[in-house]
Amino acid sequence: MRYQIDHDLHIHTCLSRCAQDLHQRPDRILEYGLENNLHTLCITDHFWDENVPGVKFGMAGGAFNGYATQTCAHIKLALPLPQHEGVRYLFGCETEMAVDHTIGVSRKTAEELDFIIVPTTHMHMRNLAARDPEDNTEARRAEMWVERFQAVLDSGLPLKKVGIPHLTTALFVPDKTWAGVERCLSLISDDDMKHLFGQAAKAGVGIELNFEPFKCAHIMESVLRPYKIAIECGCKFYLGSDAHTVGMLNKAMADFEKMIDLLDLTEDQKYVVPRKEEL
């Protein structure tokens, strides 16, 4: 059976400092789910747990003034989430990984959250995720792609409720272009990818489908390669719009349909966030 679009596990509200749409609130996100027959939704606002100290916050030239304000108290302003029969509405987060591989969620908070997204490819966040200029080459970014993915797998987090988002985003390459993505991905060996995705499959980590299929069509073979290797390794996949605005929600379904078609995914390849009694 073809992979069914029945969820979106990566959605931001206006509580994320980089989300400027004040209409992007939990009730509007629920409406989006109902309009598109989605049975599972997850709020994943940007987050750094105040119980994880020792990181110098900041992103030079970027949208964030810093993660210091994206605390537990801040993201919990989204609660309580609106409820509707037939919709599983989850409260999660998109945390960050620092340059020393510190992940911004404590064990205690991780147990409380329904789902945790750890982006390994937010290498545009200078002074937080990447050093400048030491890490600002394509060869180094390819190495970091592997190292940071491995760090999640070694983190001790409850990996069955952890997702790895946007592995092929242009944010991980120095020039933030699709041509740069193609070049950087070519520097990562099949063996390294198989090693990572094999561990991820065994641990039950979810792999996010989110790669803007209409914008990267000219390098599609390169973009699909990691996901095809993940399929070979037995990984499970979830859909994530990474929507920061209502406009991004409105285009999500077309992207989801295209990604599923390109990868020819089936229902048995779907990642499902486990319930607490299943962990």
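Side chains are part of it too, since the values below use all heavy atoms of this structure and drop only hydrogens, waters and symmetry mates.
Judged by distance alone, the side chain of Q70 and the main-chain N or O of H46 form a donor-acceptor pair under 3.5 Å. In this structure a side-chain-to-backbone donor-acceptor pair under 3.5 Å is missing from D114 to G92. The backbone N or O of G104 sits less than 3.5 Å from a side-chain atom of T95, completing a donor-acceptor pair. Put simply, the side chain of S16 never gets that close to the backbone of A19: no donor and acceptor are under 3.5 Å apart. Distance alone, capped at 3.5 Å, places no donor-acceptor pair between the H23 side chain and the R28 backbone. Distance alone, capped at 3.5 Å, is enough to place a donor-acceptor pair between the S241 side chain and the A243 backbone. Judged by distance alone, with hydrogens and angles left aside, the side-chain atoms of N136 form no donor-acceptor pair with the main-chain N or O of D132 at under 3.5 Å. The backbone N or O of W48 sits nowhere less than 3.5 Å from a side-chain atom of E96 that would complete a donor-acceptor pair. A donor-acceptor contact shorter than 3.5 Å is absent between the side chain of R25 and the backbone of T13. Counting only distance, with no hydrogens or angles, the side chain of E111 and the backbone of K108 share no donor-acceptor pair below 3.5 Å.
Side chain to side chain, D8 and Y32 meet the donor-acceptor criterion of an N or O pair below 3.5 Å. Judged purely by distance below 3.5 Å, without hydrogens or angles, the side chains of H10 and E94 pair a donor atom with an acceptor atom. Side-chain contact annotation: Q269 with T266, donor-acceptor N/O pair under 3.5 Å present. H244 and D21 are not linked by any side-chain donor-acceptor pair at a separation below 3.5 angstrom, with hydrogens and angles left out of the test. A donor-acceptor contact closer than 3.5 angstrom links the side chains of Q199 and Q150. Between the side chains of Q4 and D6, no donor N or O sits under 3.5 Å from an acceptor N or O. Under the 3.5 Å distance criterion, with hydrogens and angles disregarded, no donor-acceptor pair is assigned to the side chains of S189 and D191.
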### Message
Checking T40 against L90 for the side-chain contact (heavy atoms from CB on, under 4.5 Å) test, could you report, in this order, the C-alpha distance in whole Å, the side-chain angles of both residues, the deciding distance, and whether it holds?
### Response
CA-CA 7 Å; T40 307; L90 304 176; 3.9 Å; yes
When you look at D175 and R183, which way does the salt bridge (charged side-chain N to carboxylate O under 4.0 Å, His left out) test go after all the steps? CA-CA 11 Å; D175 65 3; R183 292 191 298 269; 3.2 Å; yes
Practice prompt. In sequence, state the C-alpha distance, the side-chain angles, and the governing distance for F149 and F197, and then conclude on ring pair (Phe, Tyr, Trp, His ring centres under 6.0 Å).
Written response: CA-CA 9 Å; F149 195 150; F197 286 122; 5.4 Å; yes
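No side-chain heavy atom of M123 sits less than 4.5 Å from a side-chain heavy atom of L171. Contact check for L30 versus L81: no side-chain heavy atoms found under the 4.5 Å cut-off. Between E138 and V173, the closest side-chain pair of non-hydrogen atoms is not below 4.5 Å. Between L224 and F211 the shortest side-chain heavy-atom distance falls below 4.5 Å. Considering only heavy atoms from C-beta on, D135 comes within 4.5 Å of V99 through its side chain. By the 4.5 Å heavy-atom criterion applied to side chains, W145 and L167 are counted as neighbours. With contacts defined as side-chain heavy-atom distances shorter than 4.5 Å, the pair L9/L239 does not qualify. V105 is not listed as a side-chain neighbour of V118, based on a closest heavy-atom distance of 4.5 Å or more.
Of all the heavy atoms in T121 and P165, the pair that sits closest is OG1-O, 4.0 Å. Across L113 and K161, no two heavy atoms sit closer than the pair O-NZ, 2.6 Å. Here the closest heavy-atom approach between residue P26 and residue A78 is recorded as CG-O, 3.9 Å. Heavy atoms only, all atoms of each residue included: M259 and N210 are closest at SD-N, 3.6 Å. For the pair L41 and I11, the tightest heavy-atom approach, listed with the atom from each and the gap, is CD2-CD1, 4.1 Å.
Distance CD1/I5 to CD1/I260: 4.0 Å, rounded to 0.5 Å. Taking NZ of K276 as the start and CD of E278 as the end, the distance is 13.0 Å to the nearest 0.5 Å.
More than 12 non-hydrogen atoms from other residues, nucleotides or ligands lie less than 6.0 angstrom from NZ of K270. By the 6.0 Å contact criterion, CZ on R107 is open, its count of non-hydrogen atoms from other residues, nucleotides or ligands being 12 or less.
With salt bridges taken as basic N to acidic carboxylate O contacts below 4.0 Å, one links D261 and R2. Ion pairing between a basic and an acidic side chain is recognised when a charged N comes within 4.0 Å of a carboxylate O; K194 and D190 show no such pairing.
With sequence neighbours excluded, the residues forming a ring pair (Phe, Tyr, Trp, His ring centres under 6.0 Å) with H122 are H124, H166, listed by chain and number. Applying the salt bridge (charged side-chain N to carboxylate O under 4.0 Å, His left out) criterion to E50, with sequence neighbours excluded, gives no partner residue. Listed by chain and residue number, W178, E212 satisfy the side chain to side chain contact (heavy atoms under 4.5 Å, CB included) test with K215 (two or more places apart in sequence, or in another chain). Annotation: ring pair (Phe, Tyr, Trp, His ring centres under 6.0 Å) contacts of F115 (sequence neighbours excluded): Y238, Y271.
Cluster partners of L187: none. The rule joins Ile, Leu, Val, Met, Phe, Trp and Tyr whenever side-chain heavy atoms lie under 4.5 Å apart, and it links nothing here.
By the criterion of side-chain heavy atoms lying less than 4.5 angstrom apart, applied directly or through intervening Ile, Leu, Val, Met, Phe, Trp or Tyr residues, I117 is not grouped with Y227; the two fall into different hydrophobic clusters. No chain of hydrophobic side-chain contacts below 4.5 Å, direct or via other Ile, Leu, Val, Met, Phe, Trp or Tyr residues, connects V246 to I29.
Listed by first and then second residue, the side-chain hydrogen bond (donor to acceptor under 3.5 Å, both in side chains) pairs that reach into residues 74-90 come to none, sequence neighbours excluded.
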